[in-house]
Amino acid sequence: MQLHFHNSLTRRKDAFTPIDPDHVRLYVCGPTVYDLAHLGNARPVVVFDVLSRLLRRVYPRVTYARNITDVDDKINARARESGEPIGAITARTTADFHADMAALNALPPDVEPRATQYIPQMVGMCQRLISRGHAYAEQGHVLFSVGSFPEYGSLSGRSPDELLAGARVEVAPYKHDAGDFVLWKPSDAETPGWDSPWGRGRPGWHIECSAMSEDILGPEFDIHGGGHDLIFPHHENELAQSCCANNTKRMANYWVHNGMLLVDGEKMSKSLGNFLTVRDILGRGAWAGEAFRLLLLRTHYRSALDYSVAALEECKAELDDFYAMLARQAPEARPHLGMVNWALEPLGDDLNTPLALARLRDLRTLENVANVGGSAAAVHARTPFPWVPEPGEARAAVLEVAKVLGLLWHDPAEWRQGGSSDDAAQIEAAIAARQAARVAKNWAEADRIRGELTAMGVVLEDTGGVTTWRRG
RNA sequence: GGUCCGAUGGCCGAGUGGCUAGGCACGGGACUGCAAAUCCCCCAACGCCGGUUCGAUUCCGGCUCGGACCUCCA
């Protein structure tokens, strides 16, 4: 399967050619751990989770690295405000992040480096940059010299002149040039710091990503991912730091950026204060994590996505339909490789998850038709050939495709009947009583029992002579 | 102000130089004792103005509106 990705470097969709086809290397910018993850933070995690699953399906070996930034002035500020020690803040927030992302079924990356473990590498990178003439030390700071790197601005499509013209901050006195950015900065006694050739200090502009990606993936790797808002200055600076320190051309060959999550048409961000945490969503019920994951995947990753509760509930209803199919008895079967590949094919075209989901629905319809009856003429018109599966075959294909999307991981019975499960026996007894009434053609009694169950929030489904139930 | 991205039916959302996805909602039907579940059918769209073309929702230009970035940001 030939993959294609939109590459921010070239601003077009490029065929993906790994540096080493036997080992694909992916780096994604992870969280700064000072607060709970909000919905916007979850988007890149889920998007690149699908990307990494796809890569693993296509290539024999994939290394996916995603950092934890646990040294940052936002963390320092939070510690000052709350009085909580920095280490406690970062440890707790990291654990919360892991739990929240697991609830979205995002697999852990292969490597999850922490900035505090890479201070020597960052210092070393600063030294290399200075010795190569790309950085200078001034008043305890180390600054990157933008003028030393003619390609600066190529990722974000800006010329250095434009960048200076648009600069809206005052130029610090220790900068030789207004566009220069801080790689290392001094720490006072109250601020965390490490010894360095320039005195006690701490990392500046996300040099940790450059140091860690080089250490783990090498000076040049395949894909660098993150949110669209990171292109400038974050990734532009990373690229400059890494290329100049390592004397390489690109750092990463493909730069992949996800669009922003919006709420009421505006970016969800901590600085705007309009954010909802992942935990807020998860609190809506056991279904909410998967519903939110589906919500993220039903829009193409590069588009803006406007969050709403109505959309989340629509996703829940759609998952109900999938789990209704999965809960039905069907023989074990092997997935039909041709149909699975047909459904997954859109993912190779710049991760077109909405189209893959449309095909997943078609596979669901085929299973329903095989199981419950009906016609699938409309589906057959779309599929590569009119596949008429035996019961269980399309179901197996659905699960295979869902694995790459990271969906449908719940137990179907648990999804449908979970929650307050202590009344399950009572419900089963009522269903048996109703069935007896139906056999006796005592419709009034059968409907009375069904009415009682409806009042309890239980929905009956009499499919194929078998009565199953779910919570409505 | 500069750079970039987007605008598709009631809502969400793919895609394509002609054959015009999919979902939700609405309406109709099949099935069912009645429902539910399931299946089928129907519905309706490409922001505005020009240009290129036999033909434009798709390509080009302009405009309007929305969003992102311009040294905190996923």
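Every chain is numbered from 1 and lettered A, B, ... according to where its sequence line falls, protein lines coming before strand lines.
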Ignoring backbone atoms, test whether [X] places a side-chain nitrogen or oxygen under 4.0 Å from the OP1 or OP2 oxygen of [N].
{"X": "A/Arg382", "N": "B/rG22", "value": "yes"}
{"X": "A/Asn352", "N": "B/rG15", "value": "yes"}
{"X": "A/Asn368", "N": "B/rU38", "value": "no"}
{"X": "A/Ser271", "N": "B/rC73", "value": "no"}
{"X": "A/Thr365", "N": "B/rU38", "value": "no"}
{"X": "A/His206", "N": "B/rC73", "value": "yes"}

Identify whether any heavy atom of [X] sits under 4.0 Å from a base atom; if not, whether one sits that close to sugar-phosphate; answer base, sugar-phosphate or nothing.
{"X": "A/Ser269", "value": "base"}
{"X": "A/His38", "value": "base"}
{"X": "A/Asn371", "value": "nothing"}
{"X": "A/Met268", "value": "base"}
{"X": "A/Leu272", "value": "nothing"}
{"X": "A/Gly265", "value": "sugar-phosphate"}
{"X": "A/Arg302", "value": "nothing"}
{"X": "A/Arg359", "value": "nothing"}
{"X": "A/Gly40", "value": "base"}

Any idea which of B/rC40, B/rA74, B/rA36 is nearest the A/Pro44 side chain?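 The closest nucleotide is B/rA74.
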If you check the A/Thr299 side chain, which of B/rA68, B/rU38, B/rA14 turns out closest? B/rA14
Using the [atom1] atoms only, state how far [M] lies from [N], rounded to an integer number of Å.
{"N": "B/rC59", "M": "B/rG23", "atom1": "C1'", "result": "30 Å"}
{"N": "B/rU57", "M": "B/rG17", "atom1": "P", "result": "14 Å"}
{"N": "B/rG51", "M": "B/rC39", "atom1": "P", "result": "48 Å"}

Could A/Arg158 and A/Phe232 be counted as a cation-pi pair, given that NZ or CZ must be under 6.0 Å from the ring centre and within 45° of the axis? yes
Taking the six-membered ring of A/Phe181, is NZ or CZ of A/Lys175 closer than 6.0 Å to its centre and within 45° of its axis? no
Roughly, in whole Å, what's the span from CG in A/Leu360 to P in B/rG22? 15 Å
Atom NE2 of A/His235 and atom C1' of B/rA68 are separated, to the nearest Å, by 15 Å
For a quick check, tell me whether the side chain of A/Arg450 and the base of B/rC34 share a donor-acceptor pair closer than 3.5 Å. yes
For the side chain of A/Lys74 and the base of B/rC73, is some donor closer than 3.5 Å to an acceptor across the two?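 No, the side chain and the base share no sub-3.5 Å donor-acceptor pair.
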Can you confirm if the aromatic rings of A/His235 and A/His257 lie within a centre distance of less than 6.0 Å? yes
